[in-house]
S.K.: 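The structure's right below; bear with me while I get my questions together.
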Amino acid sequence: MLSYRHSYHAGNHADVIKHLTQVAILDYLLKKDKPFCYHDTHAGAGLYSLQSEHAQKTAEYQGGIAKLWHYQAQSPVLQRYLGLVKQLNPDDTLNFYPGSPKIAALMLRQSDHLQATELHPTDFPLLKSQFVKRRYTRIENIDAYAGFKAMLPPLVKRGVVLMDPPYELKTEYQDLVNGLQDAYKRWPQATYAIWYPVIERPAVEAFIAAIVASGIKNQLRIEFNLHADSSGHGMTGSGMLVINPPFTLATEMRQALTEVLSQIGSVHSTVQITPLVAE
Ligand SMILES: C[S@@+](CC[C@H](N)C(=O)[O-])C[C@H]1O[C@@H](n2cnc3c(N)ncnc32)[C@H](O)[C@@H]1O
């Protein structure tokens with residue numbers, strides 16, 4: 001079943017948290033000259049029109065990127081992220097929002113490798129068409145976890161894997177834990193950035209506990225809760241569980257998310273950044 005379309009949700013508060021974390025990790029990898037690999041497991045369509053029927057129907061971006069769009073950020077990560085969004089909207093009107101593979105493509109050097117898997121029959125060709133001219137690029141219309149078997153480890157040693165499933169089915173949580181363990185065996189040096197929604201608190205804690213129990217070391221939890229738990233808003237917040245995080249990530253994300261909270265949050269909003277498993 002592939003009913004999820006990210007075009008309804010692009011630019012919402014969860015995308016802001018996810019893409020800020022992605023930007024911080026990529027900027028860290030960019031500090032060294034050696035090429036690295038960006039691997040995106042659930043890549044989506046790559047670029048989204050915020051004027052589309054889908055985006056306008058939910059208007060979720062209005063509670064995310066639209067509120068930050070003209071903010072003068074102090075945080076370098078937030079500045080960098082907003083700069084990328086502005087690059088796609090040069091006439092100063094917020095028409096487009098970049099998905100995770102597009103953000104990577106904007107940041108990567110020519111020598112860096114970009115890999116992505118996306119299963120949706122409509123979103124895959126949209127994604128693929130944006131990368132036809134890029135070297136060191138592999139975009140496959142296959143299942144994320146089959147993609148690990150086919151594409152990991154990549155040709156270069158350094159890199160990051162972004163895991164961003166839609167979690168429409170309850171089984172997707174366990175699929176991710178199994179898939180993560182498989183990927184980690186193949187590519188233990190990589191950073192893994194796993195997005196998760198906060199909808200029901202007990203389910204979130206069970207999911208985090210399963211990843212902690214996987215035996216994989218060096219885990220950092222970054223969570224942004226826009227609303228109090230179970231306050232009738234559906235998805236009240238979201239988080240990123242990062243394995244092998246850059247040592248700068250916790251500090252950078254605390255600064256960035258504190259500023260995000262000041263722009264899109266309320267007295268009920270919270271930021272939580274916690275190391276879960278030591279190195
Ligand atoms: C949350 S969206 C991805 C958004 C994207 N990562 C971004 O940040 O712009 C999840 C995507 O996963 C795709 N998908 C769902 N199940 C999949 C699977 N088993 N393998 C690969 N892609 C899958 C969906 O079609 C959807 O486009």
Side-chain angles (χ1 to χ4, degrees), residues 1-26 38-50 52 54-55 58 60-61 64-65 81 84-85 88 96-108 114-131 138-152 160-180 182-183 191-199 207 222 224 234-235 237-242:
M1 187 189 72
L2 278 172
S3 53
Y4 182 93
R5 301 293 303 280
H6 199 62
S7 42
Y8 287 97
H9 311 289
N12 68 5
H13 62 86
D15 257 8
V16 172
I17 309 317
K18 170 178 56 189
H19 294 149
L20 276 170
T21 312
Q22 179 192 0
V23 165
I25 294 169
L26 289 176
Y38 171 81
H39 183 101
D40 200 322
T41 59
H42 299 74
L47 183 65
Y48 302 93
S49 164
L50 297 178
S52 73
H54 292 183
T58 60
E60 287 187 18
Y61 73 97
I65 188 60
Y81 161 74
L84 295 170
V85 178
L88 293 173
F96 295 101
Y97 185 78
S100 51
K102 182 73 183 175
I103 288 176
L106 290 170
M107 295 180 73
L108 264 49
L114 193 156
Q115 302 188 161
T117 48
E118 168 55 51
L119 215 42
H120 199 283
T122 310
D123 283 345
F124 173 74
L126 294 172
L127 175 70
K128 177 109 178 158
S129 67
Q130 293 164 53
F131 297 99
R138 188 169 168 195
I139 316 274
E140 300 285 356
N141 188 203
I142 57 175
D143 169 72
Y145 306 116
F148 285 158
K149 292 185 173 50
M151 297 155 86
L152 296 187
V160 54
V161 178
L162 180 72
M163 301 177 74
D164 183 23
Y167 299 105
E168 284 196 301
L169 306 171
K170 286 243 179 326
T171 52
E172 285 184 85
Y173 290 90
Q174 190 57 47
D175 291 346
L176 186 140
V177 177
N178 296 343
L180 171 67
D182 182 25
T191 295
Y192 292 83
I194 300 152
W195 180 83
Y196 63 89
V198 178
I199 301 170
F207 178 55
I222 298 168
F224 183 87
M235 181 172 67
S238 64
M240 296 293 285
L241 202 135
V242 185

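Ligands are counted one by one from 1 in listed order, and the atoms in each one are counted from 1 as well.
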S.K.: Enumerate the atoms of ligand 1 whose separation from the nearest heavy atom of G99 is less than 4.0 angstrom.
M.R.: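 The list of qualifying atoms is 9 (O).
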S.K.: Atoms of ligand 1 less than 4.0 Å from P166 heavy atoms?
M.R.: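 Within the 4.0 Å cut-off of P166, ligand 1 contributes 10 (C), 12 (O), 15 (C).
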S.K.: What part of A10 sits under 4.0 Å from ligand 1 if we count only heavy atoms: the side chain, the backbone, both or neither?
M.R.: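 Neither; no heavy atom under 4.0 Å.
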S.K.: Only heavy atoms count here, so choose which of D164, L126, L176 is nearest to atom 4 (C) of ligand 1.
M.R.: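 Nearest heavy atom to atom 4 (C) of ligand 1 lies in D164.
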S.K.: Find all atoms of ligand 1 within a distance of less than 4.0 Å from any non-hydrogen atom belonging to D143, and give their numbers and elements.
M.R.: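 Near D143, the atoms of ligand 1 are 18 (C), 19 (N), 20 (N).
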S.K.: Does I139 reach the side chain of L114, with side-chain heavy atoms less than 4.5 Å apart?
M.R.: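 Heavy-atom side-chain distance check passes, below 4.5 Å.
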S.K.: So which of M163, H42, H6, K18 gets nearest to atom 23 (C) of ligand 1, if we judge by its closest heavy atom?
M.R.: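 Shortest heavy-atom distance from atom 23 (C) of ligand 1: H42.
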S.K.: Of all the heavy atoms in I103, does at least one lie under 4.0 Å from an atom in ligand 1?
M.R.: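 Per 4.0 Å heavy-atom rule, I103 does not contact ligand 1.
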S.K.: Give me each pair satisfying side chain to side chain donor-acceptor pair (under 3.5 Å) with a member in residues 13-25, each pair once, sequence neighbours excluded.
M.R.: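 Every side chain to side chain donor-acceptor pair (under 3.5 Å) pair that includes a residue of residues 13-25, provided the two are not neighbours, is H6-D15, D15-K18, K18-D164, H19-Y97, Q22-Y38.
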S.K.: Going by the atom numbers of ligand 1, which of them fall below 4.0 Å from some non-hydrogen atom of G44?
M.R.: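 Every atom of ligand 1 under 4.0 Å from some heavy atom of G44: 27 (O).
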S.K.: For F131, check ring-ring contact (aromatic ring centres under 6.0 Å, His included) against everything at least two apart and list the hits.
M.R.: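 If we apply the ring-ring contact (aromatic ring centres under 6.0 Å, His included) test to F131, skipping adjacent residues, there are no hits.
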S.K.: Which of the atoms in ligand 1, numbered in the order shown and given with their element, are less than 4.0 Å from a heavy-atom of A144?
M.R.: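 With A144 as reference, the close atoms of ligand 1 come out as 18 (C), 20 (N), 21 (C).
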S.K.: Can you check whether H9 and Y4 have ring centres sitting under 6.0 Å from each other?
M.R.: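 Here the rings of Y4 and H9 have centres that are less than 6.0 Å from each other.
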S.K.: With a 4.0 Å heavy-atom cut-off (strictly under), which part of H9 contacts ligand 1: side chain, backbone, both or neither?
M.R.: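 The answer is neither; H9 stays 4.0 Å or more away.
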S.K.: Would you check if F96 and S49 make a side-chain contact, meaning some heavy-atom pair closer than 4.5 Å?
M.R.: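 SC-SC contact between F96 and S49 confirmed.
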S.K.: Counting heavy atoms only, which of E118, R5, Q22, E172 is nearest atom 26 (C) of ligand 1?
M.R.: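 When every heavy atom of E118, R5, Q22, E172 is considered, E118 comes closest to atom 26 (C) of ligand 1.
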S.K.: Contact between K128 and N141 at the side-chain level, heavy atoms closer than 4.5 Å - yes or no?
M.R.: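 They are not in contact (no side-chain heavy atoms under 4.5 Å apart), so the answer is no.
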S.K.: Within the structure, does H19 bring an N/O atom to less than 3.5 angstrom of an N/O atom in ligand 1?
M.R.: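 By distance alone, the answer is yes.
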S.K.: Hey, are the side chains of P197 and F207 touching, using non-hydrogen atoms and a 4.5 Å cut-off?
M.R.: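 P197 vs F207: side chains apart.
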S.K.: Does a side-chain heavy-atom distance below 4.5 Å link T117 with Y145?
M.R.: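 Heavy-atom side-chain distance check fails, nothing below 4.5 Å.
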